[in-house]
Amino acid sequence: MQRIRLRYTKRGRLRFTSHRDFQRAFERALRRAEVPMAYSAGFTPHPKVSYANAAPTGTGSEAEYLEIALTARRDPGTLRELLDASLPDGLDVVDAVEARTSGLADRLTASVWELRLDGVGLAEAEQAVAAFLAAETVEVQRRTKNGLRTFDARAAVSGLEAVPVPADRPVDGPCAILRLVVRHVTPAVRPDDVLSGLRAVADLAPPVPAAVTRLAQGLFDEESGTVTDPLAPDREAVTAAPSEAAGSAVATAPEGAGSA
């Protein structure tokens, strides 16, 4: 059995695709690409696909992850191209690597988000961010299946800043960008919870809903405050494997092997 880990995106109108909708689309793509999938046992076998920390419906993402199990070996790059061609534009498979390590989900401990606030000036956004970061706690409420829940949105936020809109993006009126780094905690703190917190501490209320995109997710580096690539350990293991195999061959070669 071979395991392949994939990174995919949700772009444009496809950001409104629910996780269940994506699951159905992805399973159709697996069939179109004739991927030799491993299946679960039981009366209703299903492809062995493990999804990790999917973004909420309505948010875009450049960094969604999943893992598939195969019954025959395939080249990860070729598999990525076949699956990408079998999915609709906007659901794009952008990276693939053979799983050589364990615990992909354990390496998804934080996310980097971009929140585009149309109708909000940069100075106003900066003042709201300063008020949020200065607060010890920022209580917000979210309705769950168990009713209305109150929790602290501040503790999970490791970084928050307001930045100007990049010059290559068209804007019509005031607009600010928030860059948010949030840890994956329980209960989960989402970008809309942080927006609720900004409204609570600074009365920041964009006139139109914020456009939210996940830029990255992975292991949070305490020293640098950055989020690292969760597929990097698998790539490093693949790169190291040939040299380790060569070293093993030299170590086990019979005495005098290779001499003239």
Side-chain angles (χ1 to χ4, degrees), residues 1-108 111-114 116 169 184 190-191 211-219 227-239 241:
M1 183 181 295
Q2 182 187 31
R3 293 179 297 126
I4 301 292
R5 289 170 176 167
L6 305 171
R7 177 167 70 92
Y8 66 95
T9 71
K10 289 172 61 180
R11 296 168 173 162
R13 295 180 62 185
L14 273 297
R15 69 175 56 221
F16 298 103
T17 302
S18 71
H19 182 55
R20 183 168 293 182
D21 289 337
F22 173 78
Q23 286 179 305
R24 287 194 287 261
F26 186 69
E27 290 187 11
R28 286 195 297 268
L30 290 171
R31 292 193 292 271
R32 291 193 191 103
E34 300 181 344
V35 178
M37 289 297 300
Y39 280 78
S40 63
F43 292 105
T44 55
H46 58 273
K48 288 190 174 181
V49 183
S50 299
Y51 299 92
N53 196 39
T57 302
T59 62
S61 181
E62 295 295 315
E64 300 297 287
Y65 293 92
L66 59 81
E67 180 178 300
I68 59 177
L70 310 183
T71 58
R73 297 189 65 81
R74 291 292 186 269
D75 174 69
T78 302
L79 184 63
R80 184 205 69 78
E81 293 176 357
L82 289 171
L83 287 172
D84 186 50
S86 301
L87 284 166
D89 290 341
L91 298 178
D92 306 315
V93 182
V94 295
D95 200 359
V97 65
E98 183 174 1
R100 295 294 185 92
T101 62
S102 61
L104 173 63
D106 294 337
R107 295 200 291 269
L108 304 179
S111 288
V112 181
W113 296 91
E114 178 184 280
R116 174 170 168 152
R169 298 192 195 178
H184 299 165
R190 302 172 179 173
V212 179
T213 302
R214 174 149 53 193
L215 302 180
Q217 66 170 320
L219 193 65
V227 175
T228 62
D229 178 7
L231 300 185
D234 296 298
R235 272 191 285 269
E236 292 167 3
V238 170
T239 302

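Since we're looking at a predicted model, the values are computed, not measured. Basis for what follows: all heavy atoms, side chains included, without hydrogens, waters or symmetry-related copies.
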Do [X] side-chain atoms and [Y] backbone N/O form a donor-acceptor pair below 3.5 Å?
X      : Y      : value
Ser40  : His46  : yes
Asp234 : Thr101 : yes
Arg15  : Val212 : yes
Thr228 : Gly218 : no

When Arg11 is tested against each of Thr213, Asp89, Asp92 for side-chain hydrogen bond (donor to acceptor under 3.5 Å, both in side chains), which residue passes? Asp92
Of all heavy-atom pairs between [X] and [Y], which one has the smallest distance, and what is that distance?
X      : Y      : answer
Ser61  : Ala55  : CB-CB, 4.4 Å
Thr9   : Val94  : CG2-CG1, 3.8 Å
Leu215 : Ala63  : O-CB, 4.0 Å
Ala72  : Gln2   : O-OE1, 3.8 Å
Pro47  : Leu30  : CB-CD1, 4.5 Å
Gly60  : Trp113 : O-CZ3, 4.3 Å

Take Ile4 and Arg74 through the side-chain contact (heavy atoms from CB on, under 4.5 Å) test and state the conclusion after the steps. CA-CA 9 Å; Ile4 301 292; Arg74 291 292 186 269; 5.9 Å; no
Does a side-chain heavy-atom distance below 4.5 Å link [X] with [Y]?
X      : Y      : result
Pro36  : Thr71  : yes
Gln217 : Pro230 : no
Arg3   : Leu104 : no

Working note: Met37 + Val49, criterion side-chain contact (heavy atoms from CB on, under 4.5 Å); need CA distance, chi angles, decisive distance, verdict. CA-CA 9 Å; Met37 289 297 300; Val49 183; 3.9 Å; yes
Let's go through Leu91 and Lys10 carefully: what are the C-alpha distance in whole Å and the side-chain angles of both, what is the deciding distance for side-chain contact (heavy atoms from CB on, under 4.5 Å) to 0.1 Å, and is it a yes or a no? CA-CA 5 Å; Leu91 298 178; Lys10 289 172 61 180; 3.8 Å; yes
Apply the side chain to side chain contact (heavy atoms under 4.5 Å, CB included) test between Glu64 and each candidate in Arg7, Arg214, His19; give the one that qualifies.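 Exactly one candidate clears the test, Arg214.
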Can you check side-chain contact (heavy atoms from CB on, under 4.5 Å) on Arg28 and Ser86, steps first, answer last? CA-CA 8 Å; Arg28 286 195 297 268; Ser86 301; over 6 Å; no
[X] [atom1] to [Y] [atom2] distance, which is reported to the nearest 0.5 Å:
X      : Y      : atom1 : atom2 : answer
Leu82  : Leu87  : CG    : CG    : 11.0 Å
Leu219 : Asp106 : CG    : CG    : 9.5 Å
Ser18  : Arg24  : OG    : CZ    : 6.5 Å
Met1   : Lys48  : CE    : NZ    : 4.5 Å
Leu83  : Arg32  : CG    : CZ    : 11.0 Å
Arg5   : Ser50  : CZ    : OG    : 9.5 Å

Could you check Phe22, Phe26, Tyr65 and say which one makes a ring pair (Phe, Tyr, Trp, His ring centres under 6.0 Å) with Tyr8?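 It is Phe22; the other options fail the test.
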Any Lys/Arg nitrogen of Glu67 or Arg107 sitting under 4.0 Å from an Asp/Glu carboxylate oxygen of the other?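 Salt bridge absent between Glu67 and Arg107.
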